[in-house]
Amino acid sequence: MKAGDGGAGCLSFRREAHVPKGGPDGGDGGDGGSVILVADPQKSSLVDYRYQHHFSAERGTHGQGARKHGKDGEDLILPVPLGTQVRALDERTMEPVAELGDLTRAGERLEVARGGKGGYGNPHFVTSVRRAPAFAERGEPGKELWIELEMKLMADAALVGMPSVGKSSLVAAMSKARPKVASYPFTTLIPSLGAVRTEDYDYVVADVPGLIEGASAGRGLGHDFLRHIERCSVIVHVVDATGGFEGRNPVADLETIDVELATYDSELATRPQVIVANKVDMPESAQAVAAVAAKAAELERPFFAVSALTGQGIPALKQALGALVFEERARRVAELADAEEPYERIWRGARRSDEPPFTLVREEDGWRIGGERPERWVVQTDWDNDEAVAYLQSRFARLGIDDALAEAGAENGDEVRILDIAFDYVGPRELADDELDGAEGRR
Ligand SMILES: Nc1nc2c(ncn2[C@@H]2O[C@H](COP(=O)(O)OP(=O)(O)OP(=O)(O)O)[C@@H](O)[C@H]2O)c(=O)[nH]1
Ligand SMILES: [Mg+2]
């Protein structure tokens, strides 16, 4: 991914017949476009990125005379399916080195490579004593990096409920998946996914490890798995119509789990939910089925009585759940189209706001300066222009780099490096007035 370079600021002075000594009037360079990934519910795979591997955003154009600013480059927007994980790769080893993001919500955006800032034109460097600055800034190069995209399968519907109610058995009954099923609680340790197919619908269900009272506070295996439910558009709430282990009351269980979901995230309480009473093959289930059905009616939620063991009621559940999932998908697409501001998250690199303005490291035969600002200043300096270089030195001094070097024991003639540029250290010096009176503008 290559973001657009910033355009160069312009070095120019007004020239008109009746103005003998025109003032500086170089325009600023435009900012380069960024490369942005966006989660698109209409994409179902990463096939667009299988054969094309290089993507770049537009560069900003250069500033011109008469204070004409350059144009900003267009961002490059790359659609990816929901459930795409994004990692930065080391450019030599191609091994992942950082998680950049996880695009799970329709419209979620991730800026993976930021466009370079445009350089300032020479009017920005006017001070009381430097009336005619004969330099301008170069544009900042756009960020460039290799990334890896991985599409994690995301479930449309999550099966939740107390342990041993038969969630994994239901995944097995609805799909070709064969998750582990056993008669003791907490058999499922990580969610298992099953692809459900009916004549009309394709969708994915996941079972979730059994939830218990207090799950939202981290009891049982709860907490980690409630996260998975957040991603699903429909909740399938499963209860055991036999009372199951410990001879439970399915209606009370239903209420308990609802409270846990709502406590974890109040939005989960409004998520479309269907209620499934499982194990209706067992004769003792009849009374509980009627009670759960009544509760479902009261809550105005669709209700299904099924048996994962015999398959009774499973085709009807698959069909109705498919219709609901597709309805939800359509609703989310429409919602996205209406959204004024798409849900946006921007990755701003590993830098933190409380980071020091620069770093100073002793190297074997010299010193190395790092940091976002000094590095950007260096790449934006026109090294063929002495005045620009002098201005850069004054910027360093103002940032405190000279003092830090002196304090660290730098000696005259030591080499000081920033990126791939090396300077000779010339010892502490007094700042001239015009150096203190700098035009920093937005930087
Ligand atoms: N009779 C009967 N038994 C069932 C049915 N569904 C599941 N079971 C049994 O119930 C027990 C628990 O089933 P699982 O599918 O492992 O339950 P789970 O909800 O996934 O359990 P955890 O993963 O531990 O939360 C097993 O012994 C299953 O054989 C059913 O429809 N009828
Ligand atoms: Mg299970």
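This one's a predicted model, so the numbers in the text were calculated from it and none came from an experiment. Counting starts at 1 for both ligands and their atoms, in listed order.
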Inset, instruction - Output, by chain and residue number, all protein N/O/S atoms separated from the Mg ion (ligand 2) by less than 2.8 Å. - result: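 Listed by chain and number: S168 OG, T188 OG1.
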Inset, instruction - Check side chain to side chain donor-acceptor pair (under 3.5 Å) between D48 and all other residues, then give those that pass, not counting sequence neighbours. - result: K43
Output a table of donor-acceptor pairs, distance under 3.5 Å, between side-chain atoms of residues 267-275 and any protein atom two or more places apart or on a different chain; print 'none' if there are none.
from : atom 1 : to   : atom 2 : distance (Å)
E267 : OE1    : R271 : NH2    : 2.4
T270 : OG1    : E267 : O      : 2.7
R271 : NH1    : I229 : O      : 3.3
R271 : NH1    : E230 : O      : 3.0
R271 : NH1    : C232 : O      : 2.5
R271 : NH2    : E230 : O      : 3.4
Q273 : OE1    : H237 : ND1    : 3.1
Q273 : OE1    : R301 : NH1    : 2.4
Q273 : NE2    : D258 : OD1    : 3.3

Inset, instruction - Just do the side-chain contact (heavy atoms from CB on, under 4.5 Å) check on F358 and R373 with the steps written out, would you? - result: CA-CA 7 Å; F358 64 89; R373 267 187 296 172; over 6 Å; no
Legend entry - Distance flag, aromatic centroids of Y49 and F55, threshold under 6.0 Å: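 Yes, the ring centres sit under 6.0 Å apart.
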Legend entry - Validation row, ring centre W383 to ring centre Y391 under 6.0 Å: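 So the answer is no for these two rings.
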Inset, instruction - Return yes if a side-chain donor-acceptor contact under 3.5 Å exists between S168 and D207, otherwise no. - result: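 The criterion, which ignores hydrogens and geometry beyond distance, is satisfied for D207 and S168.
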Legend entry - More than 12 heavy atoms of other groups within 6.0 Å of Q287 CD: no
Legend entry - Short N-O contact, E415 and R417, less than 4.0 angstrom: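 Judged by the 4.0 Å cut-off on N to carboxylate O distance, E415 and R417 do form a salt bridge.
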Inset, instruction - With a 4.0 angstrom cut-off on heavy atoms, strictly below it, pick out the residues next to ligand 1 and order them by chain and number. - result: P163, S164, V165, G166, K167, S168, S169, V181, A182, S183, Y184, P185, F186, T187, T188, G210, N278, K279, D281, M282, S307, A308, L309
Legend entry - Within 45° cone and under 6.0 Å: R362 NZ/CZ vs W367 ring: yes
